[in-house]
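Down below is the structure, laid out as structure tokens.
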Amino acid sequence: MKKRWLIWLGIGLAYAALCFALYWRLFVKKQMAGWDSIEEYWPDLVYQSQLISHGELPLWNPYTVGGYAFFADPQASMLAPINLVCVGASLLGGTGPWLMELKLILLFYSALWGMHLLVHRWTKCHAGAFVAAMTFVIGSPVLVHKNGALLWPLLYLPWVLLAFDAYLARPSLRRGALLGIALGAMGAAGHPQGFQYGLFVLLAYGLYRVARGLIAREYTIVQHVRALAPGLVLAGVIGGIWVWCTYGPAASVVEGSDRAQRTMDWVLANPLDVQSLRELFAPDLDSNWTFDLYMGPLAVILTAWFAAVKWEGRFWIAVAAGALVLALGAHAGLLPILAKHVPGFALFRIPYRYKLITGFACAVGAGLGVSHLMMAEVTRAQKVVLAALCVAWIAAGAFFKVSLSLGLAVLVIAAVVAIAFDPKRRKKYAAVLVVLAAVELVYAGNHKLAILQPVPAADRGADQLAKLPGIDREWRFWVGGRYSSSPGDIPFVAAYRAHGRELSGFEQPLTPSRVIALDAAAVKSPALLAHFNVKYVYGSRVAIADADPVPTTAFVAIRDVAPMLRVYPSAKRVPEDQQLALLATTAPADLHEALVDSAVALPTGSSFAPVDGTVVAYSRNALTMEVTTPAAGVAVVNEVFAPGWHATVDGAPAELFRANYMLRGLVVPAGTHRIDLQFRAPGFEAALLALVLLLGISLLLSLMRPQGWDRVNIYMYSSNDGQNRRGDRVIDSRDQA
């Protein structure tokens, strides 16, 4: 027992060393994963940490892009386990950029462990498990997405398959609950596209297992349904609620974003180039790193070899090849057909991303291939096939590119051949193989991590924002959107740390399309921003006539700015596509009626000059204002209009509508009134409560001693071709054997 624990401890330390080998620049050169990680995902963590520390749910985010439904953004991975760990760590160590890097390293470390445990469960071979884990995490398909939320759900996939395989082997409510937890964790991890890829693999594996069991006549359909249904229903409830908490809110806001229009050209844009298939044999054959496919020699050779040896190998090579065909997009012709006729395939863009499934399948194939070499008798014919594949791979690699990477790959292949042809020294060769495979993969993928960026100062830009009075509740500032011409020396995370209300910000996929259009128009006409409560503009390359410089900063302060609340005597209906042009040629002081683009019941006959209100209280999910108006009018609250906001006037419900292009409008009667706006997500909050209760029940199930209703119902076919399993039979609930 002690030796076993030492082995597992050594595995954990080995994977920790591997993570260090990948991210040594973080510790030595003070660099970190940049781009989206610094601009979007780190601020997301900062915001979650701030609200959790104050006992609030992060529902609405007022600090970027004028405000948006934060809980509806799947990329924030608000309910993912590792994300929750990082938020907890922030309560002790603060919210510096280290927090983002901690999240990425934990994701990779967890993926290494998950893949190792999965393959080891199937094979009982640590060498094969090591090869599978390293091929998965260090292979090019994963490394080129190292910064992206797209990748994160796939890093949970080994754990889902592990839970699913355990459930198929011994169906029970407890294992069904664990499967639901694994599914929910994968769904909550990040981008829905990555989750969809994981579901594809899970569904294909489930169908394969069922088909193999039926072909072998190991059980009947009735037995199958009877055994699996209870736990799968529980898994579906737990995982379904968890996934809905992540993607349900996103579905409610997608229609207002650029993702609402998904044409076939959009779906098929940026497929994998056919020539990129060469990188199955050699790394870095072109400058387009996003198309990289290189996963080392074991991924190709052993996946193909194991496919020739076992049915399970044929399944995984079929998954890998099918994903490659999808990654080729219109070049292969399959994806256009599926996108037109099969639900789900037209939801997402960039076909080359399907290569992530290829990377996963090849990693499993490599691990199973090594395990078979280590654990089974290799026939002469199988040795001949293996040798032929090795020679063919080396010849292809030498044809495409001769490099040090090819030399290391040849050493890896030599270790594989030695295992096959000298079975008495398998263990020694296996240790050499694992080390050589790690060195070769790290070397081949090292340049993909060379683009890491310097660790930013946590307080960069804070000194300038501190000189902008009122940005916490009265005024906004603008430093240019992600794709604008502004220099952007004020990072987007600065707004979060200073509690400043910024109209610009990182454009995440569900950013309202009107906000994006406004940002693009503001680059050319920055004075337009004054209509949207922006008083401070940073580094605009277009001069603003009615503005004064803010001392010791690069900001200018616009003089005439629309306040947080202004009541107009009437409203004018103007088409959406004309409102920005009208606002760009009209100063806020000269706008005497609200602009609306939909039919609403509005007051008529009023003739007073617009009246400004005052902010009484401002928080992340609520806003209170007061105003005195001589007659009924249209109140425009200078906050982004979005579903989920509810308004009351003196406690009475009031209807909200879109006004002045993208702001919140409501009708107020004459007199002095208190206007309260609150952001609510009742469906989300109810689902979150149900999820907590179900997770509590799952915990109780895991602690309880198995009873008759929670014991094995059926022994199913295992992924190891049914070897070393008891005969398949239905076990009565009273059978304790």
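Sequence positions, counted from 1, serve as the residue numbers for this chain. Values in this document were obtained by computation on a predicted structure and should not be read as measured data. Heavy-atom basis, side chains included; hydrogens, waters and symmetry copies ignored.
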With distance as the sole test, does Ser371 use its side chain to make a donor-acceptor pair with the main-chain N or O of Gly367 at under 3.5 Å?
yes

Quick check: does any side chain N or O of Gln48 sit under 3.5 Å from a backbone N or O of Pro43, one acting as donor and the other as acceptor?
no

Atom CG of Asn270 and atom CZ of Arg353: how far apart are they, to the nearest 0.5 Å?
8.5 Å

For Leu688 versus Cys245, what's the shortest heavy-atom pair and its separation?
N-SG, 3.8 Å

Apply side-chain contact (heavy atoms from CB on, under 4.5 Å) to the pair Met295 and Phe136, showing each step before the final yes or no.
CA-CA 8 Å; Met295 297 168 282; Phe136 175 47; over 6 Å; no

Could you name each residue pair satisfying ring pair (Phe, Tyr, Trp, His ring centres under 6.0 Å) that touches residues 228-270, not counting sequence neighbours?
Phe195-Tyr247

Are any side-chain N or O atoms of Ser140 and backbone N or O atoms of Asp292, one a donor and one an acceptor, separated by less than 3.5 Å?
no

Quick check for you: to the nearest 0.5 Å, what is the distance between Leu268 atom CG and Leu328 atom CG?
12.0 Å

Any idea how Phe345 and Phe200 line up, ring-wise: parallel (<30°), tilted (30 to 60°), or perpendicular (>60°)?
parallel

State the CE-CG distance between Met186 and Leu202, to the nearest 0.5 angstrom.
6.5 Å

Are any non-hydrogen side-chain atoms of Val300 and Cys362 less than 4.5 angstrom apart?
no

How long is the straight-line distance from CG of Leu143 back to CG of Leu441, given to the nearest 0.5 Å?
9.0 Å

Go through the steps to decide whether Trp305 and Lys310 satisfy the test side-chain contact (heavy atoms from CB on, under 4.5 Å), and finish with yes or no.
CA-CA 9 Å; Trp305 178 76; Lys310 290 285 185 178; over 6 Å; no

Main-chain N/O of Ala188 paired with Trp152 side-chain donor or acceptor, under 3.5 Å
no

Less than 4.5 Å apart, any side-chain heavy atom of Leu356 and any of Val142?
yes

Heavy-atom donor-acceptor pair, Ser172 side chain to Arg175 backbone, under 3.5 Å:
yes

Could you give me the CA-CA distance, side-chain angles and deciding distance for Ile82 and Tyr156, then say whether side-chain contact (heavy atoms from CB on, under 4.5 Å) is met?
CA-CA 10 Å; Ile82 287 177; Tyr156 283 85; 3.5 Å; yes

Side chain Tyr41, main chain Ala149, donor-acceptor under 3.5 Å:
yes

Less than 6.0 Å separating the ring centroids of Trp113 and His120?
no

Hey, are Ser37 and Lys103 close enough side-chain-wise for a donor-acceptor pair under 3.5 Å?
no

Heavy-atom closest contact (Phe291 atom, Lys355 atom, distance)
C-NZ, 3.7 Å

The reported gap from CG in Leu179 to CZ in Arg174 (rounded to nearest 0.5 angstrom) is 14.5 Å

When you measure from the side chain of Glu440 to the backbone of Val412, do you find a donor-acceptor pair of N or O atoms at a distance under 3.5 Å?
no

Report the C-alpha distance between Val442 and Leu18 in whole Å, list the side-chain angles of each, state the deciding distance to 0.1 Å, and finish with yes or no for side-chain contact (heavy atoms from CB on, under 4.5 Å).
CA-CA 9 Å; Val442 170; Leu18 192 60; 4.0 Å; yes

What orientation do Phe130 and Tyr15 show, parallel under 30°, tilted 30 to 60°, or perpendicular over 60°?
tilted

Write down the atom of Asp73, the atom of Glu40, and the distance for their closest heavy-atom approach.
OD2-OE2, 3.7 Å

Would a distance-only check, ignoring hydrogens and angles, find a side-chain to backbone donor-acceptor pair under 3.5 Å from Tyr167 to Ala235?
no

One pair to check against side-chain hydrogen bond (donor to acceptor under 3.5 Å, both in side chains): Thr290 and Asn288. What are the steps and the verdict?
CA-CA 5 Å; Thr290 60; Asn288 190 347; 2.5 Å; yes

Just verifying a value: how many Å separate Leu693 CG and Ile697 CD1, rounded to the nearest 0.5 Å?
6.5 Å

Under 3.5 Å, is there a donor-acceptor pair between the side chain of Asn61 and the main chain of Tyr68?
no

Could you tell me if the side chain of Leu293 sits less than 4.5 Å from the side chain of Leu272, heavy atoms only?
yes

Is a donor on one side and an acceptor on the other found under 3.5 Å between the side chain of Thr123 and the backbone of Val119?
yes

I need the minimum non-hydrogen distance between Gly194 and Pro153, along with the two atoms involved.
C-CB, 3.7 Å

Picking from Val160, Leu154, Leu157, what satisfies side-chain contact (heavy atoms from CB on, under 4.5 Å) with Val201?
Leu157

Go through the side-chain N and O atoms of Asp165 and Tyr205 and say whether any donor and acceptor fall under 3.5 Å apart.
yes

